[in-house]
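Have a look at the structure below before the remarks.
Note that ligands are numbered from 1 as they come in the structure, with each ligand's atoms numbered from 1 the same way. Both backbone and side-chain heavy atoms feed into the values below; hydrogens, waters and symmetry mates do not.
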Amino acid sequence: MNASLNSSGSMPAQPAPSASVAKFFALKPRLFINGEWVEARSGKTLPVYDPATGQQFGAVADAGLEDVDRAVHAARAALETGPWSTMTPAGREALLWRLAELIDRDAAEFAEIESLDNGKTRFMASIIDVPGASNYFRYMAGWATKITGTTMETSLQAPGAKFHTYVAREPVGVVAQIVPWNFPLAMAAWKLGPALAAGCTCILKPAEQTPMSALRLGDLIREAGFPAGVVNILTGLGESSGAALVAHPGVDKVAFTGSTDVGKLINKSASDTMKRVSLELGGKSPMIVLPDVDPQTVAGGASGAIFFNAGQVCTAGSRLYVHSSIFDRVLEGVSAAAAAIRLGPGLEQATEMGPLVSKEQQERVLRYIESGRKQGASVAAGGDAPSHPGYFVNPTVLVDVNPDMSVVREEIFGPVLVAQRFDDLDAVVKAANDTPYGLGASIWTNNLSAAHRLIPRIKAGTVWVNCHNLVDPNMPFGGYKQSGIGREHGRVAVEMYTETKSVCIMI
Ligand code: NAI
Ligand code: MG
């Protein structure tokens, strides 16, 4: 079964970008170092493609070792001697708030840039990515003035002496922040927001597939009035610019979102100089559907959980476990929902799902579907790519799968759902946890007791009930097991950008 009109080849063309975005794309490739726009020392550039057409629409600078070194030095100087080093928390709060307002002012342009760069629809970028980024900066602005230490009593003793002891939190220092291509602007905000609230200085490296919104953000960071060197933005490849940042001895902490394989590499490399590391990595998040729910409602929810952002979401609900009594009806509903999704280019208003981010990602996802088929899975929806230029994959539902198949075990990071039935709760808990990942999970039921009994048994950093993929700046987000180290959002995210200093004074 093929999905809707997309396989017929009648997909609309990608509309032309607005004049202001076209002008932005035409700017000379540049890096943001020490508050200035500069070229890469090598003069090398990298192409940027529109995933809806496969056509190149711009180029960015390819940061080399020298550029990385310049950025780290600028960040170090800003941390230790610049105006940032003496700025009050309220001063940092005001800057972060101003940045949020500038993003809102330019929201339409950001949504267009994000759509052209990543492939997602402009509509989704305008309701999720862009307000997600500005709201995140506003939320983190509030934390700048709320970082506190503690005082404590100790049992220290010395003749005639008393002791005053307390714990202070200080910025961890210069931070390298490496982000992926699925939510480029929002991921940049998740990284920069808490680091700047805590008083750190940053070097941000966007993904090579989607560097444009970070560069646009650089303009606003300058306009907002952040002192030179507080935020530096380097475009470049992961294995060169990214790896050089991680290895640089002048970096105190690395914060990374991306694949588990690269997360492991980064963790190893960072340990050479004992850098602090926080990692938000892959997932293979289960959705567990108990027998009491309305199959149609759950089918809609499950379809949203896997097909949102074309499945390129680290918490995508990619494994569906449905109680046998309603399996057929839920499957029918999800498959119908998949087939009805309208594929097309992101700037076209009628489009519901855009292409995947790159040719590489499209091929990777199609390879997974093929491997599932070869190992005996049946295709209930999609299963192929529309015959159209661009990196599209039809929303796919696979059944007749077993726990050993790679489509069940590995993160596909595309619009591919594997659906399985269960009869026994113990068995489904075991299956849900039978994965090296532990990022998200959802439980679908109206039975309060059943939900609360299941929640503690699921090994995942976030458990949703009757919803999936919902995140809030105040709700810690991150993974168990190989899904990562540390948590983003909330107080804990700010504290991850601090060092703890114990002070003991004999008085
Ligand atoms: P990736 O992990 O290679 O890329 C993510 C970021 O890391 C990019 O900015 C990249 O330039 C950088 N990077 C890559 N290699 C690096 C290195 N050796 N040192 C420092 N930085 C490095 O992910 P990729 O190759 O784009 O996608 C492959 C798979 O990874 C996807 O199919 C998906 O399964 C997973 N992924 C998961 C994400 C998540 O949010 N958890 C996001 C992106 C990818
Ligand atoms: Mg990679």
Q) What part of Gln312, side chain from CB on, backbone N/CA/C/O, both or neither, has a heavy atom under 4.0 Å from ligand 1? A) neither
Q | Taking atom 7 (O) of ligand 1 as the reference point, the nearest protein heavy atom with its distance | A | Phe256 CE1, 3.1 Å
**Q.** Arg30 atom CZ, over 12 foreign heavy atoms within 6.0 Å
**A.** yes
Q. When you look at Trp444 and Ser442, which way does the side chain to side chain donor-acceptor pair (under 3.5 Å) test go after all the steps?
A. CA-CA 7 Å; Trp444 299 76; Ser442 58; 2.9 Å; yes
For residues 256-264, please give each side-chain donor-acceptor pair under 3.5 Å, one per line with the distance, not counting sequence neighbours.
from, atom 1, to, atom 2, distance (Å)
Thr257, OG1, Lys191, NZ, 2.7
Ser259, OG, Val262, N, 3.3
Thr260, OG1, Gly282, N, 3.2
Thr260, OG1, Gln482, O, 3.3
Lys264, NZ, Gln482, OE1, 2.8

**Q.** Top protein contact for atom 30 (O) of ligand 1, by heavy-atom distance
**A.** Ser259 CB, 3.0 Å
Q: Considering heavy atoms of the protein only, find what lies nearest to atom 35 (C) of ligand 1 and give residue, atom and distance to 0.1 Å.
A: Glu411 OE1, 3.5 Å
Q) What is the closest protein heavy atom to atom 12 (C) of ligand 1, and at what distance does it sit? A) Ile178 CG2, 3.6 Å
**Q.** Exercise check, heavy-atom protein proximity under 4.0 Å to atom 25 (O) of ligand 1
**A.** no
Q) Identify the closest protein heavy atom to atom 32 (O) of ligand 1: which residue and atom is it, and at what distance? A) Arg364 NE, 2.7 Å
Q) Nearest protein heavy-atom contact for atom 38 (C) of ligand 1: which residue, which atom, what distance? A) Phe413 CZ, 3.3 Å
Q) Any idea which part of Gln209 is under 4.0 Å from ligand 1, heavy-atom wise: side chain, backbone, both or neither? A) side chain
(Q) Side chain, backbone, both or neither: which applies to Val179 and ligand 1 if a contact is any heavy-atom pair less than 4.0 Å apart? (A) backbone
Q) Using 4.0 Å as the upper bound for N to carboxylate O, is an ion pair formed by Asp62 and Arg41? A) no
Q: Step through the shown structure and confirm whether more than 12 heavy atoms of other residues, nucleotides or ligands are within 6.0 Å of CG on Leu65.
A: no
(Q) Does this structure show an ion pair linking Arg373 with Glu370, if we count only N-O contacts that are shorter than 4.0 Å? (A) yes
Q) Which residue pairs pass the ring pair (Phe, Tyr, Trp, His ring centres under 6.0 Å) test with at least one member in residues 57-78, sequence neighbours excluded? A) Phe25-Phe57
Q. Looking only at protein heavy atoms, which one is nearest to atom 11 (O) of ligand 1, and how far off is it?
A. Glu208 OE1, 2.5 Å
Q) Using 30° and 60° as the class limits, which term best fits the ring planes of Trp190 and His489: parallel, tilted or perpendicular? A) perpendicular
Q) Using heavy atoms and a threshold below 4.0 Å, how should the contact between Asn182 and ligand 1 be classified: side chain, backbone, both, or neither? A) side chain
Q: Enumerate the atoms of ligand 1 whose separation from the nearest heavy atom of Pro180 is less than 4.0 angstrom.
A: 42 (C), 43 (C)
Q) Considering only heavy atoms of Ala243, which atoms of ligand 1 have at least one such atom less than 4.0 Å away? A) 19 (N), 20 (C)
